[in-house]
Amino acid sequence: MALSASVISELADIIDGAQRNAADIVKLTDAHPDMEVADGYAVQAELCRRWQADGRRLTGYKGGLTSRAKMVQMGLETPVFGVLMGDTSVPDGDVVDMTQLIHPKVEAEIAFVTASELSGDVTIDDVLAATEFVLPAIEVIDSRFKDFKFDIQSVIADNTSAARYVVGGSPRRPDGLDLRLLGVVMERNGEVVGTAAGAAVMGHPAASVVELVRWLADAGQALPAGSLVMTGGVTEAVAVHAGDHVTARVQHLGTVGVRFS
Ligand code: 0L1
Ligand code: MG
């Protein structure tokens, strides 16, 4: 790490302020060119620590930049990980208030809910054996950086642009499903804006959970039973505006939707 604890704390203040006020900022490396990826995760961890101290609940984790489509869209090559807070969950079919966000985009994802703890150097089979169910999800991302212009250090500090998440559809145990082959269709206002199969995420959506568990292990942590894991957008993210309605249809898992007002 290149930055001191007091700078990490200052950067957490900046991100927190931008999130609370829905006001964009410039990327953190403009003022701190030495900032490293580990510093970005230190800012994210400090934010998560503060949010939990404020009574907010950690419900799970997210992988981002896990598909080629997302990497190409953002011009970054490395998967990133972030935290999911319970108060950012939106019920299936409910409405997101645009005034609380800067410039949201949506991603269609396959989510996992774990039945048992996962830790260390796990495999895809370990993840599937520990999975209670898989289900369709929409992630609403909202980079706090102006025009979604950031580098890897900054976006990690910004909790990988996490803003809201929606899960729903017909959750199913993964047994008997080949998650690589699940077709995913994302629609905005009834128009198809993205299509992919589950394998778009690292060759298998569970591979995103494998990488998440390894990332947690590097920090001396495990993925607890009962965690929700968003495995990452299968297509590039799509901008939304007030009045839009987005659905993600996942083969065998049903449909999840969200509106923007
Ligand atoms: O969930 C994501 O894929 C976000 C990770 C990259 C940040 C972004 O696209 O804003
Ligand atoms: Mg995502």
Side-chain angles (χ1 to χ4, degrees), residues 15 18-19 22-29 35 37 40-41 43-44 47-48 59-85 88-90 96 101-113 134-169 179 182 184 186 188 193-194 196 198 200-202 205-209 211-212 215 227-240 246-248 250 256-258:
I15 298 285
Q19 292 194 3
D24 60 16
I25 54 176
V26 295
K27 64 185 193 305
L28 303 180
T29 44
M35 184 176 179
V37 163
Y41 279 119
V43 174
Q44 186 194 112
L47 285 167
C48 186
T59 48
Y61 294 89
K62 58 164 284 188
L65 304 175
T66 54
S67 65
R68 179 93 335 238
K70 274 289 308 191
M71 288 183 185
V72 168
Q73 182 180 31
M74 302 320 296
L76 295 170
E77 293 273 314
T78 318
V80 291
F81 301 98
V83 297
L84 299 175
M85 307 309 292
T88 65
S89 163
V90 177
V96 170
L101 302 174
I102 303 167
H103 44 197
K105 295 181 184 179
V106 288
E107 298 179 339
E109 306 202 11
I110 295 171
F112 286 62
V113 173
V134 288
L135 71 174
I138 294 171
E139 187 182 21
V140 182
I141 55 170
D142 190 37
S143 175
R144 271 47 70 162
F145 301 110
K146 190 167 167 44
D147 300 328
F148 268 84
K149 295 271 188 303
F150 45 67
D151 45 28
I152 199 94
Q153 302 93 314
S154 300
V155 74
I156 288 168
D158 185 25
N159 192 25
T160 66
S161 306
R164 302 285 185 276
Y165 64 89
V166 194
V167 291
L179 302 184
L182 294 187
V184 182
M186 180 162 67
R188 182 181 55 195
V193 288
V201 169
M202 295 181 157
S208 174
V209 186
E211 293 304 321
L212 168 71
W215 169 71
S227 294
L228 173 68
V229 180
M230 304 276 293
T231 56
V234 292
T235 68
E236 61 178 41
V238 172
V240 285
V246 174
T247 56
V250 181
V256 61
V258 64

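Residue indices begin at 1 and follow the sequence shown. As the structure lists them, so they are numbered: ligands from 1, and atoms in each ligand from 1.
No side-chain donor from either of D142 and Q19 sits under 3.5 Å from a side-chain acceptor of the other.
Taking atom 10 (O) of ligand 1 as the reference point, the nearest protein heavy-atom neighbour is S161 OG, 2.7 Å.
Atom NZ in K70 sits 8.5 Å away from atom CD in E109 (nearest 0.5 Å). Note: F150 CZ to M74 CE = 3.5 Å, rounded to the nearest 0.5 Å. Between the CG atom in L28 and the CG atom in D151 there is a gap of 8.0 Å [rounded to 0.5 Å].
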*From CA spacing to verdict: side chain to side chain contact (heavy atoms under 4.5 Å, CB included), V246, V240*: CA-CA 8 Å; V246 174; V240 285; 3.6 Å; yes
_Apply salt bridge (charged side-chain N to carboxylate O under 4.0 Å, His left out) to residues R68 and E236 and explain how you reach the verdict._
CA-CA 9 Å; R68 179 93 335 238; E236 61 178 41; over 6 Å; no
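Inclusion of K62 in the set of residues having an N or O under 3.5 Å from an N or O of ligand 1 is warranted. Looking at ligand 1, you won't find any N or O of E109 less than 3.5 Å from one of its N or O atoms.
With distances taken over non-hydrogen atoms, the option nearest atom 2 (C) of ligand 1 out of E107, M230, R144 is E107.
Considering only heavy atoms from C-beta on, P136 stays 4.5 Å or farther from V167 through its side chain.
Which parts of ligand 1 touch K70 is read off a 4.0 Å heavy-atom cut-off, strictly below it: atoms 3 (O), 8 (C), 9 (O). For ligand 1, the atoms closer than 4.0 angstrom to any heavy atom of F150 are 7 (C), 8 (C), 10 (O). Near M74, meaning under 4.0 Å from one of its heavy atoms, ligand 1 places the atoms 9 (O). Proximity to T160 (heavy-atom distance under 4.0 Å) selects the following atoms of ligand 1: 4 (C), 5 (C). Close contacts between ligand 1 and V155 involve ligand atoms 7 (C) [criterion: under 4.0 Å to a heavy atom]. Listed by atom number, the atoms of ligand 1 under 4.0 Å from G64 heavy atoms are 1 (O), 2 (C), 3 (O), 5 (C). Under a 4.0 Å criterion applied to the non-hydrogen atoms of F148, ligand 1 contributes the atoms 10 (O).
At a 4.0 Å heavy-atom cut-off, ligand 1 touches I141 through the side chain alone. With a 4.0 Å cut-off on non-hydrogen atoms, Q73 does not touch ligand 1 at all.
Of all N/O/S atoms in E139, OE1 sits nearest the Mg ion (ligand 2).
For K105 and F148, the positive end sits near the middle of the six-membered ring, less than 6.0 Å away and at most 45° from its axis.
Geometry about the Mg ion (ligand 2) gives an angle of 90° between OE2 of E109 and OE1 of E107, rounded in steps of 10 degrees.
Residues V234 and A200 approach most closely at O-CB, 3.6 Å, considering heavy atoms. Across all their heavy atoms, L101 and A163 have their closest contact at CD2-CB, 4.0 Å.
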